[in-house]
2 protein chains.
Amino acid sequence: MNVETALQRLKEKGFKRTKQRERILEIFVKQDQYIAAKEILKEIQNDFPGVSYDTIYRNLYMLTDVDILEATELGGEKHFRLGCDTHGHHHHFICTTCGKTKSIEFCPMDSINENLHGYDVENHKFEIYGKCPQCH
Amino acid sequence: MNVETALQRLKEKGFKRTKQRERILEIFVKQDQYIAAKEILKEIQNDFPGVSYDTIYRNLYMLTDVDILEATELGGEKHFRLGCDTHGHHHHFICTTCGKTKSIEFCPMDSINENLHGYDVENHKFEIYGKCPQCH
DNA sequence: TCTCGAAATAATAATCATTACGAATTAAAT
DNA sequence: ATTTAATTCGTAATGATTATTATTTCGAGA
């Protein structure tokens with residue numbers, strides 16, 4: 001996923017193209033890892049000193065809604081990363097030091113054989129935490 | 001796990017027995033589900049009008065440290081429940097409406113065969129979200 | 001039972017992430 | 001170029017959590 005593809009998808013959905021959005025997308029395209037809202041704010045303030053959290057969060061949630069980003073909660077903060085729909089649904093190993101991730105293709109929902117009759121499954125989360133080779 | 005057993009374990013670890021702790025433990029023993037800090041505060045204020053968040057959080061974290069409680073993050077709030085060490089390590093189905101949980105004995109770490117060589121696994125999270133039969 | 005020191009609590013303030021809102025600006029359709 | 005709704009800015013409010021300090025309480029030992 002590159003910036004232009006993402007902006008194209010936004011256009012289809014009726015969202016406007018703004019400099020701030022371009023910049024947000026650039027950051028995610030450049031870094032393949034979960035990033036906290038405040039990091040995004042800090043980055044963007046280099047180019048747009050006036051951006052507010054309102055802009056950051058509104059866009060992050062909107063981008064998550066249209067499946068360009070995916071979100072998770074790390075240490076009480078929401079983190080976002082580019083959704084890698086290239087290789088479909090998957091999970092992550094997340095480094096507790098640097099935040100970098102490694103994709104895990106295995107999905108536990110495929111192998112689960114618990115009796116969930118009567119339960120309406122909406123979602124699931126499977127994440128492995130630890131140290132990546134660089135931080136070990 | 002009952003209140004007395006828990007207090008016994010605290011004593012062994014050198015923690016004192018206080019009315020507030022007894023009350024906190026009672027709440028968890030009575031309700032077999034994840035509870036938010038503010039719910040605990042509300043409950044306890046019936047008996048101890050003056051309790052502060054400080055007391056709540058200090059005790060919840062302490063009880064989690066000694067493995068009496070276990071914690072998870074739901075919708076930006078930390079939730080706690082009595083650790084059910086009766087049937088060992090397991091995961092949960094969590095109802096997104098009422099918060100009640102159903103234990104899942106299946107653990108994905110047992111069946112995973114991804115190459116995690118060089119990665120130091122510290123922890124993992126597997127949770128299924130949805131509607132329980134009562135809320136369906 | 002009484003005393004004392006450590007641990008725990010109460011009351012309050014501070015911090016941090018997130019959300020909200022009115023006014024001003026801007027993209028893009030006509 | 002004009003219009004209009006979407007978007008942003010600037011700032012303030014909210015809500016969960018953490019920190020601080022003075023006071024109280026627990027419980028071990030005299």
Side-chain angles (χ1 to χ4, degrees), chain A residues 3-4 6-27 34-66 68-69 71-80 99, chain B residues 3-4 6-27 34-66 68-69 71-80 99:
Chain A
V3 176
E4 282 309 318
L7 286 168
Q8 182 59 34
R9 190 183 300 185
L10 288 189
K11 190 172 186 178
E12 285 161 15
K13 303 262 183 180
F15 293 104
K16 292 182 178 173
R17 174 183 190 126
T18 69
K19 302 185 199 34
Q20 292 88 340
R21 270 175 195 162
E22 284 181 37
R23 194 70 193 77
I24 289 176
L25 286 166
E26 275 173 27
I27 293 168
Y34 279 109
I35 311 176
K38 67 179 171 204
E39 305 294 337
I40 301 294
L41 182 74
K42 210 189 300 173
E43 273 288 320
I44 293 208
Q45 284 186 326
N46 295 334
D47 297 352
F48 307 91
V51 279
S52 72
Y53 265 118
D54 182 72
T55 300
I56 302 298
Y57 280 106
R58 189 166 21 75
N59 280 303
L60 291 178
Y61 288 140
M62 183 270 284
L63 290 168
T64 304
D65 266 354
V66 301
I68 289 174
L69 298 183
T72 192
E73 194 123 357
L74 289 172
E77 291 174 45
K78 292 186 182 81
H79 286 61
F80 300 82
Chain B
V3 176
E4 283 308 318
L7 286 168
Q8 182 58 35
R9 192 184 297 188
L10 288 188
K11 190 173 184 178
E12 285 161 15
K13 303 261 185 182
F15 293 103
K16 292 182 178 172
R17 174 183 192 127
T18 70
K19 302 185 200 34
Q20 291 88 340
R21 271 176 195 162
E22 282 181 38
R23 195 71 192 78
I24 289 176
L25 286 166
E26 274 173 26
I27 293 167
Y34 279 109
I35 311 175
K38 67 179 170 204
E39 304 295 336
I40 302 293
L41 182 74
K42 211 188 300 173
E43 274 288 320
I44 294 209
Q45 284 186 327
N46 296 334
D47 297 351
F48 307 92
V51 278
S52 70
Y53 264 117
D54 181 74
T55 300
I56 302 299
Y57 280 108
R58 190 166 20 76
N59 280 304
L60 291 179
Y61 287 141
M62 183 270 285
L63 290 168
T64 304
D65 266 355
V66 302
I68 289 173
L69 298 183
T72 192
E73 194 123 358
L74 289 172
E77 292 175 44
K78 293 185 183 83
H79 286 61
F80 300 82

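It should be emphasised that the depicted structure is a prediction, and the values quoted were computed from it without experimental measurement.
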Give the rounded distance in Å between these two atoms: [atom1] of [X] and [atom2] of [N].
X       : N      : atom1 : atom2 : answer
A/Ile44 : D/dC9  : CD1   : C1'   : 14 Å
A/Tyr57 : D/dT8  : OH    : P     : 16 Å
A/Lys16 : D/dT8  : NZ    : C1'   : 11 Å
B/Asn59 : C/dA7  : CG    : P     : 15 Å
A/Lys13 : D/dA6  : NZ    : P     : 17 Å
B/Leu41 : C/dT9  : CG    : P     : 13 Å
A/Leu60 : D/dT8  : CG    : C1'   : 15 Å
A/Ile56 : C/dA20 : CD1   : P     : 17 Å

Could a donor-acceptor pair under 3.5 angstrom be found where the side chain of A/Lys78 meets the base of C/dA17?
no
Where the side chain of B/Thr55 meets the backbone of B/Val51, is there a donor-acceptor pair that is under 3.5 Å apart?
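Here the side-chain-to-backbone pair does not exist.
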With a 3.5 Å distance limit and no angle check, can you tell me whether A/Arg21 reaches the backbone of A/Lys16 through a side-chain donor-acceptor pair?
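At least one qualifying donor-acceptor pair exists.
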Positive for salt bridge (charged side-chain N to carboxylate O under 4.0 Å, His left out) with A/Glu4, one of A/Arg9, A/Lys11, A/Arg17
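With A/Glu4 as partner, A/Arg9, A/Lys11, A/Arg17 yield a single salt bridge (charged side-chain N to carboxylate O under 4.0 Å, His left out), made by A/Arg17.
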Can you find a side chain N or O atom of [X] that sits less than 4.0 Å from OP1 or OP2 on [N]?
X       : N      : result
A/Thr18 : D/dT8  : yes
A/Gln20 : D/dC9  : yes
B/Lys38 : D/dG15 : no
A/Lys19 : C/dA27 : yes
A/Tyr61 : C/dT19 : yes
A/Arg58 : D/dT7  : no

Would you mind classifying the nucleic acid contact of B/Phe48 as base, sugar-phosphate or nothing, using non-hydrogen atoms under 4.0 angstrom?
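Here B/Phe48 touches no strand at all.
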Considering heavy-atom distances to DNA chain C, does A/Gly76 or B/Gly50 have its closest nucleotide positioned more toward the 5' end?
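Per heavy-atom nearest nucleotide, the more 5' residue is B/Gly50.
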On DNA chain C, nearest-nucleotide positions of B/Ser52 versus A/Asp54: which is more 5'?
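Here B/Ser52 is the residue nearer the 5' end.
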Side chains of B/Leu7 and B/Glu22, heavy atoms from C-beta outward: is any pair under 4.5 Å?
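Yes, at least one pair of side-chain atoms sits under 4.5 Å.
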Return whichever of B/Lys11 or B/His79 has its heavy-atom-nearest nucleotide of DNA chain D closer to the 5' end.
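Nearest nucleotide further toward 5': that of B/His79.
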First encountered from the 5' end of DNA chain D, between B/Glu77 and A/Thr55:
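Checking each residue's closest nucleotide, the 5'-ward one belongs to A/Thr55.
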Once rounded to the nearest 0.5 Å, what's the spacing between atom CD1 of A/Ile27 and atom CG of A/Asn46?
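One finds 8.5 Å between CD1 of A/Ile27 and CG of A/Asn46.
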